[in-house]
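Let me begin by presenting the structure, written as structure tokens, before commenting on it.
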Amino acid sequence: MVRNLEGLPPYQRIAAQIIDRIESGDLQPGDRVPSVSQIMETERVSRATAARVPGVLRAEGYATATPGVGTIVTKPKKLTAGADRLAKLQAGRATLGDSERVEILDAVREAASQEVADALGLEAGAEVARRRRRYLDSAGVVTVSTTWISAAIADQAPEFLEVAPLPKMTFGLIEDRTGRRVVRRRDTVALREVPADVADPLEAEAGTRTIVVINHYWDQNGEPTEYAVDYLGAGRELSSEYDLNDQLSA
């Protein structure tokens, strides 16, 4: 990962360089982060500046303080939610991270629950198509993601029901087959109990509570196109970062 370090305060620049070493594998989880004294010597900075670097690494999830040992490298358990994958797809970027892979668990037709029916604008019990995937990375299970679409859309996009990856994901498949382009989404974060049919692939006990990301999507005509629920794996966190300068100038 290459970062633009121009304009950063010295302690942030040094922290960014260490993060790049962690991301590249030069520093591995369990390794010691360069000490304050080492940073002072190699970077020619004051103790006050060097002392701020470990705090940045801990705040970013790349290090943890271990009593009697020092600051140790960790790798944050990052989450890429469905909405983030949509943004990557629309930007022409890869939707999977460097260490991520996806397993297609099933793709079936079923009767819509009330929750799914409400999200898709259908009657409860109406036929829908369901597709379930499991995303994994080097730290384990990222999320178990389930997407529902109406039977009418599934009829136009039969690939949705194939147990194989979709090159453009569900978003791109629907647009290619129906002309319905996703233009609006709503993301909801909640705590839910892990259902029995998700527990095994999530490697969690049924009934335990975990973070869930719920995504609604609508097309250019304001009609719902799909509904998705992502159950996060153990130890995963949600994090969003915004450039307030851009927002304030808008």
Side-chain angles (χ1 to χ4, degrees), residues 1-81 83-85 87-88 91 93-102 134-144 187 189 191 202-204 208-213 230-249:
M1 178 175 61
V2 178
R3 300 182 175 210
N4 182 3
L5 306 183
E6 292 183 9
L8 289 179
Y11 75 96
Q12 291 186 3
R13 172 182 54 77
I14 297 166
Q17 291 171 340
I18 295 174
I19 289 172
D20 286 345
R21 291 179 61 192
I22 296 171
E23 291 284 1
S24 69
D26 181 41
L27 287 174
Q28 294 287 327
D31 290 347
R32 291 190 62 178
V33 168
S35 68
V36 171
S37 297
Q38 288 172 328
I39 293 172
M40 291 173 58
E41 181 179 351
T42 58
E43 299 294 335
R44 308 279 185 176
V45 294
S46 68
R47 176 170 291 277
T49 294
R52 300 183 71 178
V53 174
V56 174
L57 298 175
R58 291 192 293 269
E60 294 279 350
Y62 285 93
T64 185
T66 302
V69 178
T71 302
I72 303 302
V73 172
T74 59
K75 284 291 288 289
K77 292 187 174 183
K78 299 177 180 178
L79 169 74
T80 305
D84 300 316
R85 297 184 195 280
K88 288 184 175 184
R93 296 159 52 201
T95 56
L96 293 178
D98 291 340
S99 67
E100 274 192 309
R101 66 186 190 279
V102 60
R134 180 168 80 154
Y135 292 92
L136 304 102
D137 63 13
S138 58
V141 179
V142 178
T143 183
V144 173
D187 306 330
V189 180
L191 282 174
L202 193 63
E203 298 180 5
T208 57
R209 293 172 69 78
T210 190
I211 300 174
V212 176
V213 182
D230 292 359
Y231 284 85
L232 276 63
R236 300 289 167 172
E237 297 179 345
L238 289 174
S239 177
S240 297
E241 186 170 324
Y242 305 94
D243 190 329
L244 295 182
N245 289 324
D246 290 344
Q247 293 187 13
L248 292 173
S249 63

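The first residue in the sequence is number 1, and the count goes up from there.
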Next on the checklist: So, using side-chain hydrogen bond (donor to acceptor under 3.5 Å, both in side chains) as the criterion, who are the partners of Thr210 when residues are at least two apart?
Outcome noted: none
Item to check | Minimum-distance pair of heavy atoms, taken over all atoms of Gly140 and Arg236 | outcome: O-NH2, 3.5 Å
Checklist entry - Among all residues two or more places apart in sequence or in another chain, which pass the side-chain contact (heavy atoms from CB on, under 4.5 Å) test with Arg32? => result Ile72
Checklist entry - What is the distance from atom OG1 of Thr49 to atom CZ of Arg13, rounded to the nearest 0.5 Å? => result 9.5 Å
Checklist entry - What is the distance from atom CG of Asp137 to atom CD of Glu100, rounded to the nearest 0.5 Å? => result 6.0 Å
Item to check | By salt bridge (charged side-chain N to carboxylate O under 4.0 Å, His left out) - contacts of Arg134 (at least two apart) | outcome: Glu103, Glu203
Checklist entry - Partners of Ser35 by side-chain contact (heavy atoms from CB on, under 4.5 Å), sequence neighbours excluded? => result Ser37, Gln38
Checklist entry - Considering the options Thr71, Ile18, Val45, which one meets the side-chain contact (heavy atoms from CB on, under 4.5 Å) requirement together with Val53? => result Ile18
Checklist outcome for this item: Taken in chain and number order and not counting sequence neighbours, the residues that satisfy side-chain contact (heavy atoms from CB on, under 4.5 Å) with Val73 are Ile22, Leu27, Asp31, Val33
Item to check | Validation row: Pro34, Arg21 side chains within 4.5 angstrom (heavy atoms) | outcome: yes
Checklist entry - Taking only residues two or more places apart in sequence or in another chain, which ones pass side-chain contact (heavy atoms from CB on, under 4.5 Å) with Ser138? => result Ser99
Item to check | Leu232 side, atom CG; Leu191 side, atom CG - distance, nearest 0.5 Å | outcome: 10.5 Å
Checklist outcome for this item: Rounded to the nearest 0.5 Å, the OG1 atom of Thr143 sits from the CG atom of Leu202 at a distance of 7.0 Å
Next on the checklist: Minimum heavy-atom separation for Met40 and Ser46, please, with both atom names.
Outcome noted: CG-O, 4.0 Å
Checklist entry - If you look only at pairs with a residue in residues 44-54, which of them pass as a salt bridge (charged side-chain N to carboxylate O under 4.0 Å, His left out), with sequence neighbours excluded? => result none
Item to check | Residues which pass side-chain hydrogen bond (donor to acceptor under 3.5 Å, both in side chains) with Thr66, listed by chain and number, not counting sequence neighbours | outcome: none
Item to check | Atom of Ala65, atom of Arg58 and distance for their closest heavy-atom approach | outcome: N-CD, 3.9 Å
Checklist entry - So, does Thr74 use its side chain to make a donor-acceptor pair with the main chain of Ala63 at under 3.5 Å? => result yes
